[in-house]
Each structure stands twice: as C-alpha cells, then as structure tokens.
Chemist: 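Sharing a structure with you now.
Order of the sequence lines fixes the chain letters, A, B, ..., with proteins taken first and strands second; residue numbering starts at 1 for each chain.
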Amino acid sequence: MYFIATHRELQFVLGRGGKIRVSENHSSFVPILTIDSLTAVRGYNLLFQGLNFKLQSGQFAALRGPNGTGKTTLLRMIAGFIEAETGTIEKVEEYRERGPFYLGHDHGLRASETPLSHLTDWADIHYSPRSDIPDILERVGLTLRQHVPAYSLSAGQKKRVALARALITPRLLWLLDEPASALDTAGQALLCELMKEHLDEGGAILAAIHDDLELTPDLVLDLGAFA
Amino acid sequence: MYFIATHRELQFVLGRGGKIRVSENHSSFVPILTIDSLTAVRGYNLLFQGLNFKLQSGQFAALRGPNGTGKTTLLRMIAGFIEAETGTIEKVEEYRERGPFYLGHDHGLRASETPLSHLTDWADIHYSPRSDIPDILERVGLTLRQHVPAYSLSAGQKKRVALARALITPRLLWLLDEPASALDTAGQALLCELMKEHLDEGGAILAAIHDDLELTPDLVLDLGAFA
Amino acid sequence: MMRNGVAAIFRRELSLAWAGGSGLFLPAAFFAGTIFLAPLGIGPEPRLLAASAPGLIFVALCLASLTTLERIFQADLEVGALDHHRLSGLSMELATLAKVAAHWLVSGLPIALLTPVAAVMMRAETVTLQSILPVFLGSITIFLWGGIGASLTAGLRRSGPLVALLILPLFVPVVIFGAEELNHVLTGQGFGAGLGLLAANSLAALAISPFAMSLALKLE
Amino acid sequence: MMRNGVAAIFRRELSLAWAGGSGLFLPAAFFAGTIFLAPLGIGPEPRLLAASAPGLIFVALCLASLTTLERIFQADLEVGALDHHRLSGLSMELATLAKVAAHWLVSGLPIALLTPVAAVMMRAETVTLQSILPVFLGSITIFLWGGIGASLTAGLRRSGPLVALLILPLFVPVVIFGAEELNHVLTGQGFGAGLGLLAANSLAALAISPFAMSLALKLE
Amino acid sequence: MFSTFANPHRFLALSKWLMPLFAVLGAIIVATGWAWAFFFVPEELYQGATAKIMYIHVPAAMVSLAAYASMAVCSLLFLTLKHSIADVAAKSAAPVAAALSFICLVTGSLWGRPTWGTYWVWDARLTSMLFQLFLILGYMALRSAFQREQDAARAGAILCLVGAVNLPIIKFSVEWWNTLHQPAGFITLGGSSYAPEFYWPLWYNLIGIGLVFGALMMAAMRAEIFNRQYEAKLARMNRSAA
Ligand code: HEM
Ligand SMILES: Nc1ncnc2c1ncn2[C@@H]1O[C@H](COP(=O)(O)OP(=O)(O)OP(=O)(O)O)[C@@H](O)[C@H]1O
Ligand SMILES: Nc1ncnc2c1ncn2[C@@H]1O[C@H](COP(=O)(O)OP(=O)(O)OP(=O)(O)O)[C@@H](O)[C@H]1O
Ligand SMILES: [Mg+2]
Ligand SMILES: [Mg+2]
C-alpha cells in the first residue's frame with residue numbers, strides 16, 4: 001500500500017502525528033490525493049501535525065477520531081477552504097478546474113429552494129445536462145417532494161438533496177463529512193451504493209465517519225490519537 | 001405492557017395507524033405520556049393517523065421510520081409546537097409548568113454563544129443553580145472548550161452542549177431527535193449513560209433514531225408502515 | 001420568581017447583542033452615519049438643515065432600529081433556541097419583552113443620547129439636553145412596534161425587507177409627534193403638547209406589543 | 001462557456017430573491033416608506049421638502065439597499081452554499097457580481113424607476129423622466145459597494161449593522177454627486193457636470209467590487 | 001346572524017344570489033349615479049366641473065375606510081372565535097380595500113392639481129389614506145409569504161388589528177396639522193353641511209360603490225372558499241395516491 005506515516009518530533013505535548021491504519025483490499029491506479037506532512041492549527045490548538053497519506057483511484061479512506069480532533073478541518077483544507085499551517089496537499093486535476101465534491105455538515109440549501117430548483121441550478125452552474133435530474137431525484141427518493149421548499153423538508157430529505165448533487169457532476173475526489181447522519185437505513189444503503197459506484201468508476205473517497213458504514217474502507221485514517 | 005394500537009377504519013389507503021412493536025423489559029410506574037388516536041398532516045400529506053401509545057416512568061421508546069415519515073413532527077407535536085389534526089396528547093405535569101426536554105435537529109446555539117455562557121443562561125432561565133455547570137461541562141467533555149464561541153465549535157461539540165442542557169434542568173419527559181448524530185463513540189456511550197440514569201430516576205424518553213443505540217428500547221414505535 | 005428567568009433572558013440577549021457585532025456603538029454609528037450622509041445630499045445650507053433635522057433624526061431612528069430588530073427573533077429561530085424558550089415555562093410575553101428591552105438598551109438608548117450631537121451637526125438653533133426626551137420616548141415605541149414586525153416575519157424563515165414594509169406605517173404617529181416635539185425643543189420653545197401623546201403612544205405599544213409578539217411567535 | 005454557469009448563479013439568485021419575500025415590490029416599498037416617513041417628520045412645507053428631496057432620495061436608496069444586501073452572502077454562508085460556489089470552478093469574481101446584479105435588478109432598478117413618483121411626493125418643481133438617470137447610476141454604485149460590505153460581514157459570521165457602518169463612507173461620493181445631479185434635474189436645469197462623475201464612479205465600483213468581494217469571502 | 005355567516009355552506013348558499021344582486025344593483029346605481037352627477041347636478045360655485053370628481057372620490061374614500069374597519073372586525077372575530085369564515089372575509093376584503101384606497105388617492109391627487117395647484121400635500125387626510133394603503137399592501141404581502149393558511153390568517157389578523165389601533169391616532173392628528181383637505185361635512189354628528197343638490201347624488205353614489213364593494217368581496221370570499229375546499233380535496237387525493 002502507498003502510504004507513509006511520519007511521526008515527527010513535536011514540541012507540543014498533544015502533537016503526535018496522525019495515526020493511520022491501513023487495510024489491504026484496494027485496487028490502486030492513479031494517485032488522486034497526496035498529503036505531505038500537513039499541520040493544522042485552529043485558534044491556539046494544534047489539531048494534527050505531520051500528517052501524510054495518499055489516496056488512489058478506487059480507494060475509500062475513512063477519517064475517524066473523537067469530536068473536535070480536526071476531521072472537518074482536514075476535509076475543508078483539502079477542499080481548499082482553510083490554509084494549512086505547513087505541509088502540502090496535492091490533488092488530481094478535476095475537469096474544468098473545479099474543486100472536489102464536498103458534502104459538509106451543512107446541507108447547502110437555502111430555505112426557499114426546492115430539490116428540483118436546487119438541482120437544476122446546480123446542473124447549470126456546473127455545465128451539466130438538466131436531463132438527468134428526474135432520474136437522480138427518483139434515485140434519491142425525492143420525486144414526490146421535488147417541489148417542496150427546503151424549510152418544509154425533513155432532515156433526511158435535505159441530506160438526500162445534498163447527495164443528489166454528487167450524481168449531477170462527475171468529480172474524481174469526494175470529501176464527505178458524516179455522510180450517513182440523518183439518513184434512514186435505506187438512505188444509508190443508497191449512500192454506500194453510490195460510493196461503491198464512484199469507486200468502481202475510478203474515483204476516490206475520503207469520508208469522516210463515526211459509525212461504520214456497510215462499505216469497508218480501504219484505509220482508516222484515525223485522528224483520534226490526539227484525544 | 002401498557003399499549004393499545006387501534007387500527008381505525010380509514011377512508012384513505014395510507015392511514016393504517018402507527019405500527020408499534022413492544023419489547024418487554026420495562027418497569028412501569030406512572031404514565032408520563034399518553035397519546036390517543038393522533039393524526040398529523042403536513043402540507044397535503046397525511047403523515048400518520050390513529051396513533052395510540054403510552055409511555056411510563058422508566059421507559060425508553062424508540063421512534064423509527066424512514067426519512068420524512070413524521071418522527072420530527074410527532075416529537076414537535078408532543079412538545080407543543082405543532083397542533084395535531086385530531087387526537088389527544090396527555091403529558092405528565094412537569095415542575096413549574098415547563099415543557100418536556102426537547103433536543104431537536106438544531107443545536108440551539110447562537111453563533112457567538114460559548115458553552116459556558118449558554119449553560120449559565122440556560123440555568124438562570126430555568127431557575128437551576130449555576131454551581132453544577134463546571135461538573136456538567138466536565139461530564140460532556142467540554143471543559144477545555146468552554147470559552148469557545150459556537151461558530152468555532154465542531155459539530156460534535158455543539159451536540160454535547162445540547163446534551164448538557166438536559167443535566168441542568170430535571171424534567172420527566174425527554175424528547176430526543178436523532179440524539180446520536182455527530183457524536184463520536186465516546187459521545188454515544190455518554191448519551192446512553194445519561195439516558196440510563198434518567199430512566200433510573202423515573203423519567204421517560206422518546207427518541208427518534210435511525211441506528212440502534214447501546215441502550216435497548218422498551219418499546220419501538222415504527223412510523224415506517226406508511227412509507 | 002418569574003422575574004429571575006426573564007432577567008436571564010434579558011442578560012443573554014444583552015451579551016449576545018454585544019458579542020454579535022451589534023455592540024453599543026454600532027447602531028449608534030448607523031444612526032450617526034445617516035445623519036452624516038443626509039447633509040451631504042441636502043447640501044450645507046444651515047437653515048434648510050436645521051429645519052429638516054427633527055424629521056431626519058426620527059427617520060434615522062426608525063431605520064437604525066430596523067437593522068437590529070430584524071434579526072432578534074430570526075437568529076433564535078434559525079438555530080432552534082426559540083423552541084427552548086417556549087418550553088422554559090416562562091411567559092412568552094415577558095420573554096419577548098425582555099429581548100426587545102435588551103435590544104433597545106443597546107441600540108435605542110444610545111441613539112436617544114446622541115440626539116444633541118446630531119442636532120448640532122444638523123445646525124439646530126437651540127441644543128439642550130431636553131432634546132433627548134422626545135427621541136427617548138419615541139425610540140421605546142419604535143422598538144416595541146418593530147418587535148411586532150420582527151416576530152411576524154421571523155416565523156416566515158424568510159429574510160428580506162418585508163418586516164420593514166410591515167412596520168413602517170406603524171411608525172407614523174411616533175414620527176409625526178416626535179419630530180414636532182423635537183422641533184419645539186430645537187427651536188427653543190421647550191416641550192409642547194406632543195410629549196404626552198408620545199408617552200401615551202409608548203404605553204400603548206408597551207401594552208400591545210408583548211401579546212402580539214408572543215402570539216406571532218407561536219406560528220409554526 | 002463561463003457565461004453559462006454565471007448566468008445560472010444569476011438566475012438562482014433572482015428566483016431566490018423573488019421567493020424569499022423580497023419580491024419586486026418590496027424594496028421599492030421600503031424606499032417608498034422612507035420617502036413617506038420623511039415628510040411626516042420634516043413637515044408639509046413644500047419648499048423645505050423640495051429642497052431636501054434629492055438628498056433624501058439618495059439616503060433612502062442607500063438604506064433600502066442595505067436591508068437587502070446584508071443577507072445575500074450571509075444566507076449562502078450559513079447553509080454552506082458558498083462552499084459549493086467556491087468549488088464550482090467558476091470565477092468567484094463573476095459569481096459574486098452575478099449575485100449583486102440579480103439583487104440590483106430586483107431591488108435597485110425599481111427604486112430608480114420610482115424616483116419621479118418620489119419627487120412628486122416631495123413636492124419637487126420639475127419632475128421629468130430624466131430624474132431616473134442619476135438614481136439609476138447611483139444605485140449601481142451603491143449596490144456594488146454594498147456588496148463589499150456584505151461580503152466582509154458574511155466572512156466575519158456576524159450579523160447586525162456592522163455592514164452598514166463599513167460601507168457608509170463609501171457611499172459618500174455617490175450621495176454627493178448623485179443628489180447634486182438630481183437637484184439639477186428637479187429644479188429644471190437638466191443634467192449637470194456630475195453625471196460623468198457618477199458614471200465614472202459606477203465604473204470604478206464595477207472594476208473594484210468583484211475582486212474585493214471574492215477576496216472577502218475567502219476569509220475563513 | 002353571525003352564525004349564519006360563520007357556516008361556509010350557508011354563506012355560499014346565501015351569497016349565491018346576494019352576490020349577483022349586489023353586482024347588478026351596484027353597477028346600475030354607479031352608472032346612473034355618475035350620469036346624474038355629471039349631467040344633472042349643477043356645477044359647484046368655486047370649482048366648477050372639476051368638483052364632479054367628488055362622486056368617485058368620496059364614495060371610494062368612505063367605502064375603503066369602512067372596508068379596513070370591517071377587516072379589523074373580522075380579524076378580531078377570527079382571533080377570538082376562530083371562525084375561519086371571518087378570516088376568509090378579512091382576506092377577501094383586503095384587495096378590494098386596497099383598490100378603493102388607490103382610487104381615492106388617484107382621484108384625490110387629480111383633483112388636487114387644479115384646486116390646490118399640486119398633486120400631493122402632506123396633510124393628515126392624504127397621509128392617513130396613504131398609510132392605510134401601505135398597511136393593506138403589507139397585510140397582503142405578509143399573508144402571501146406564509147405557506148400555511150392558518151399561519152397566514154393568524155399573522156395577518158395580528159397585523160390588521162395592530163394597524164387598526166393606529167388608525168384613530170392618525171385621524172385625530174388632523175388637529176395638529178394645518179390641513180388643506182376639506183373637513184368632514186358630508187356626514188357629521190350635527191347633520192350635513194352639504195346643499196341637497198350635492199347631498200343626495202353623493203349618497204346615491206356612495207350606496208352604489210358600497211354595493212359594488214359588497215359584490216366584489218363576496219365574489220372573492222366565494223373564490224377563497226372554493227379554493228380551500230379544492231385544496232382540501234387535493235390533499236385527500238394526495239393521501240390516497242401516495
Ligand atoms: C390624494 C389626495 C386625496 C386623498 C388621499 C383624499 C382622501 C379623502 C378621504 C380619506 C376622505 C374620506 C374622509 C371620511 O370619510 O372621513 C375624503 C373625503 C373628501 N375629500 Fe378627499 N382626498 C384627497 C384629495 C381631495 C381633494 C383635492 C379634494 C377637493 C378639493 C377633496 C375633497 C374631499 C371631500 C369634499 C370629501 C368629503 C368630506 C366630507 O364632507 O366628509 N379630496 N378624501
Ligand atoms: N411545513 C411543512 N409543510 C409541508 N410539509 C412538511 C412541512 N414540514 C414537514 N413536512 C413534510 O412532512 C414530512 C415529515 O417530516 P418530518 O421532519 O417529521 O420527518 P422525519 O420523520 O423527522 O424525517 P427525518 O428522518 O428525515 O428527520 C416530510 O415529508 C416533510 O417533507
Ligand atoms: N475558527 C476556529 N477557531 C478556533 N478553533 C476552532 C475553529 N474552528 C474549529 N476549531 C476547533 O478545532 C477543532 C477541530 O474542529 P473540527 O470541526 O475539525 O472537528 P471534527 O473532527 O470535525 O469534530 P466533529 O466530529 O465534532 O465534527 C475543534 O476543537 C474546534 O473547537
Ligand atoms: Mg466535523
Ligand atoms: Mg426528523
């Protein structure tokens with residue numbers, strides 16, 4: 001497996017480098033994400049330091065660790081929203097210089113948007129055809145609710161809209177922050193199915209999760225050594 | 001077990017009354033919540049109809065069902081935020097005419113509140129002593145983050161603040177909407193511990209959950225029959 | 001006993017108003033900004049400025065109050081904090097009143113205290129501390145009516161200037177009586193007949209507003 | 001190609017502004033409300049009203065723009081939609097410009113078109129359709145500067161009138177030149193020298209604002 | 001009497017023939033009333049023919065004030081007794097009241113141009129009418145912004161009542177304003193100060209506009225009730241379809 005965990009010498013009591021466990025059921029082709037000695041600081045807290053790992057095409061990495069260890073921070077750094085303190089992040093070149101697909105804690109829907117209007121706008125903004133939207137709505141189980149504004153949607157329904165976005169725009173790297181939360185059993189099965197398909201098509205996934213999904217990760221990146 | 005499921009004669013294909021499964025490891029004393037032929041309609045959709053059940057002191061009822069079947073709606077109806085279409089909800093009289101403890105999808109923290117300021121205000125508003133707050137913060141693992149404003153807290157940390165509220169004010173009935181989401185393994189264990197203590201003290205809990213908790217429910221109320 | 005919990009809501013709102021970027025000097029600054037922009041548009045002619053001063057001060061007060069008020073209830077509603085207030089067993093009338101009072105203290109009172117300064121900038125004839133009183137009374141009414149508008153639109157989960165549209169008509173009597181009274185004071189005639197009306201208006205707002213607000217917030 | 005995605009953002013913002021309770025007539029109504037309140041405070045004297053009309057119209061425009069603008073970026077940021085725009089590969093400069101343009105279309109343009117009505121109500125001497133042009137140009141500038149303030153406060157995750165405070169100084173030249181130009185028109189002197197300055201100001205705002213906005217929104 | 005109207009079915013049955021009756025009668029009276037005013041009533045001494053605008057202006061003003069008052073009464077009834085028909089009435093009266101206020105404002109300003117030399121003055125009467133128009137527009141905007149009819153009803157009723165509390169204050173402010181507008185003389189406690197040749201045609205036109213208002217309001221109420229019934233039916237169909 002392609003992965004180096006460098007446990008650097010640290011000044012701080014807390015900083016002990018990201019602990020990374022690796023399981024061996026992957027099929028690696030292209031390096032999609034390469035992280036090299038990454039350090040994250042928020043406020044006065046060092047979250048992690050000297051983090052190294054590589055994510056290849058077809059691989060699913062699970063990001064684990066107790067609350068507040070920096071999972072969201074890491075995902076947002078990779079997406080490019082937060083600057084790293086030190087270290088480098090190399091991402092694969094996405095189509096048309098877009099960023100990776102990011103599914104955060106927030107659902108990204110404004111109160112008066114409906115699933116249909118949101119996905120239509122999403123398709124337009126990303127130069128994707130609108131014609132797939134009905135099928136996608138069907139797939140995430142929102143056909144009957146497609147005209148309901150977001151403030152009337154249930155928590156799970158909003159999450160499903162967020163998932164549907166991934167189907168409209170093909171991107172190699174998916175960054176998912178607790179993707180299973182608010183989803184019912186069927187929704188979680190759907191999530192795993194979508195993830196599986198994405199991996200089969202050569203994509204890569206880094207997902208922060210607390211509970212195991214049905215899909216077994218190829219690597220487990222545990223930030224919990226700091227807790 | 002104390003429970004009657006009345007499957008009413010219905011005009012509508014959908015309305016088949018809440019399906020309720022009951023497991024038998026409870027110790028029933030006082031009826032804390034009695035729900036009688038309750039019907040919920042949102043927009044043009046009938047969510048459930050003819051729902052009957054009783055929750056006794058010391059009982060934990062799990063509310064299950066696919067996304068959008070009305071779990072949140074039911075909890076909010078019991079809390080008194082939504083009027084029922086028909087049917088009655090009888091709640092135990094809480095101390096000083098307060099409502100039950102409600103933990104919703106939202107964390108209830110304004111962006112610039114800190115855990116400490118939020119819990120202090122919470123204690124004052126509910127005539128509870130402030131002196132317990134340090135212990136409670138310790139218990140939910142936020143002592144080190146007590147002065148951090150909510151916009152800098154991680155998702156799980158916000159959820160822990162929400163949980164801490166339950167410890168400040170004693171209430172008989174707890175209504176929890178997906179209490180485990182965003183919590184790490186330790187957080188989920190803590191949640192179960194708190195729930196256990198609450199039941200042992202004679203309280204009752206109705207919690208909407210998608211994944212099983214460590215704590216086995218006394219009853220399972222499945223709204224999924226409507227999906 | 002009740003006082004306690006309501007006082008806590010008051011304190012919470014006060015510290016949030018402070019920490020949330022709408023601290024003591026900001027609405028006052030908004031008010032000052034309007035008073036500063038207006039002469040630029042109207043031109044430097046002293047008589048013209050002095051004549052329009054009372055009206056402008058009251059219009060600026062109305063608009064400054066809107067900028068803060070709009071978000072009082074909406075911010076609580078969006079994060080679900082309003083739910084908790086409703087379950088706290090406190091009377092919603094008193095709780096909403098406490099919120100408005102806290103915002104008034106942070107935003108309305110400083111504006112009233114700034115009136116003499118604004119009057120000087122607008123080249124008023126006689127600037128005395130008396131000029132504070134009409135704006136003081138007017139600001140109470142404006143914040144209470146504004147609270148109704150804010151509570152009505154909070155339930156909508158929609159932002160936008162709807163709230164402004166709804167409550168501007170309610171500001172009319174305050175603006176009329178208040179500006180007239182302020183004009184009396186600023187032209188050296190002391191207080192006039194309008195002061196009693198202003199006070200009566202405040203009392204009416206105080207009597208009506210809490211009930212309207214708590215009713216409006218119970219909308220689902 | 002780029003045009004497409006930016007156009008989609010423009011369309012989205014337009015329909016959200018519409019559905020979000022800030023429909024076509026609402027900011028215009030806010031403007032009308034201010035124009036309606038001001039004479040109540042200033043008093044019915046026609047000469048006084050006419051003299052303060054251009055200034056008041058511009059101040060009312062500034063304040064009406066603030067009420068809508070404040071929420072453009074903040075609403076997107078709160079629900080996380082801004083993250084998606086940043087990953088969409090579109091230039092953030094064009095995306096923010098599209099947002100401001102949509103809001104201007106819904107809120108700014110109707111205000112400009114209402115100017116003749118406002119002038120009549122303020123008892124201006126000569127009311128012609130020419131009076132629309134200064135306010136039209138001014139509103140473009142004001143919305144663009146306002147967008148900078150809104151993006152700065154959104155990045156700070158704080159609501160309240162901070163945004164107003166930040167951008168009021170930027171409004172100064174617009175208010176001065178705009179009111180002067182409008183005064184020219186309303187006193188029957190046709191357009192003056194200020195029109196070119198107003199247009200230049202709009203162009204400057206157009207050149208600067210998109211970069212400032214996209215930079216401000218990248219603050220984490 | 002109120003219970004008759006509180007029942008939608010009885011209201012529908014009653015208004016089925018009352019509405020067209022009002023409409024036809026109103027149309028006839030308004031048409032003949034204007035004919036009377038324009039061709040047979042002598043010209044007013046000072047203003048000449050322009051004073052004929054009075055026969056549109058005054059009835060529109062008075063009926064729109066009455067319409068707002070009825071909205072307030074209906075709102076109060078709705079909040080206290082929870083009869084939804086009261087809400088339907090308030091909602092239906094709003095657009096008609098707004099239209100009448102608008103007509104009053106437009107005719108008033110057109111009349112103002114020749115008599116006062118301006119379209120607009122900031123006078124208590126004029127201001128209060130503009131105030132009322134804003135209030136009604138705000139009421140309609142607020143209602144339309146809610147998704148659920150019950151919420152819209154409650155919020156609208158609160159706003160309408162709060163606004164009504166302010167109306168008398170505005171009315172009394174006449175005394176502090178130097179007013180250009182004609183003081184009340186048509187119907188006052190001390191009898192009318194109008195000459196009979198202006199008095200009766202004005203009454204006739206007032207009744208005509210009142211009947212038209214009644215017809216329009218009833219039509220709107222019927223449409224609203226049908227709409228609510230249709231939506232309820234749609235809801236039931238949705239339930240059985242899903
Ligand atoms: C935009 C301008 C105007 C508005 C908004 C307006 C508004 C009103 C209102 C609300 C009333 C009804 C008062 C009541 O029922 O107590 C009224 C009545 C009346 N208006 Fe006007 N008006 C305007 C202009 C004028 C003008 C220019 C004239 C004539 C010079 C005029 C003459 C009258 C007369 C004669 C009455 C009947 C008063 C009575 O005897 O009770 N109005 N107007
Ligand atoms: N204000 C509303 N107007 C119309 N429909 C609504 C409204 N609020 C909720 N709904 C609908 O009612 C249904 C029930 O919503 P609810 O939030 O109770 O579901 P839930 O069981 O909690 O789902 P989840 O597991 O996703 O949280 C959903 O289909 C939702 O779209
Ligand atoms: N802007 C900020 N300023 C200061 N500290 C911050 C800021 N943002 C986040 N933090 C802190 O950084 C830590 C990491 O936060 P992050 O959201 O990445 O955690 P997480 O691993 O995603 O946790 P969770 O499982 O709860 O979602 C937390 O302790 C949080 O309090
Ligand atoms: Mg996180
Ligand atoms: Mg839910």
Chemist: Is the side chain of A:Asp184 donor-acceptor paired with the backbone N or O of B:Asn67 at a distance under 3.5 Å, no angle test?
Modeler: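 It does hold such a pair.
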Chemist: Can you tell me if A:Glu214 has over 12 outside heavy atoms packed within less than 6.0 Å of its CD?
Modeler: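 Result for CD/A:Glu214: open.
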Chemist: What residues, two or more places apart in sequence or in another chain, satisfy side-chain hydrogen bond (donor to acceptor under 3.5 Å, both in side chains) together with A:Glu197?
Modeler: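 Counting only residues at least two positions away or on another chain, A:Glu197 forms a side-chain hydrogen bond (donor to acceptor under 3.5 Å, both in side chains) with A:Arg139.
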Chemist: Pick from B:Asp211, B:Leu183, B:Thr72, B:Thr73: which one has the most heavy-atom pairs with chain A under 4.5 Å?
Modeler: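 Counting heavy-atom pairs under 4.5 Å, the top option is B:Leu183.
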Chemist: At a 4.5 Å cut-off on heavy atoms, which part of B:Asp177 comes close to chain A: side chain, backbone, both, or neither?
Modeler: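 Looking at B:Asp177, nothing touches chain A.
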Chemist: Within this structure, what is the CZ-OG1 distance for the pair B:Arg64 and A:Thr185, rounded to the nearest 0.5 Å?
Modeler: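 Between B:Arg64 CZ and A:Thr185 OG1, I get 6.0 Å after rounding to 0.5 Å.
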Chemist: What part of B:Leu153 gets closer than 4.5 Å to chain A, counting heavy atoms only: side chain, backbone, both or neither?
Modeler: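 Interface part for B:Leu153: neither.
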Chemist: At a heavy-atom distance under 4.5 Å, which candidate from A:Gly70, A:Ala182, A:Ala180 has the highest pair count against chain B?
Modeler: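 Sorted descending by pairs with chain B, the first entry is A:Ala182.
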Chemist: So which of A:Lys159, A:Glu178, A:Lys71 has the largest heavy-atom pair count under 4.5 angstrom toward chain B?
Modeler: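 Top option by heavy-atom pairs under 4.5 Å: A:Glu178.
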Chemist: Check B:Ser154 against A:Gly68 and note the closest heavy-atom contact, atom names and distance.
Modeler: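 Result for this residue pair: OG-N, 3.4 Å.
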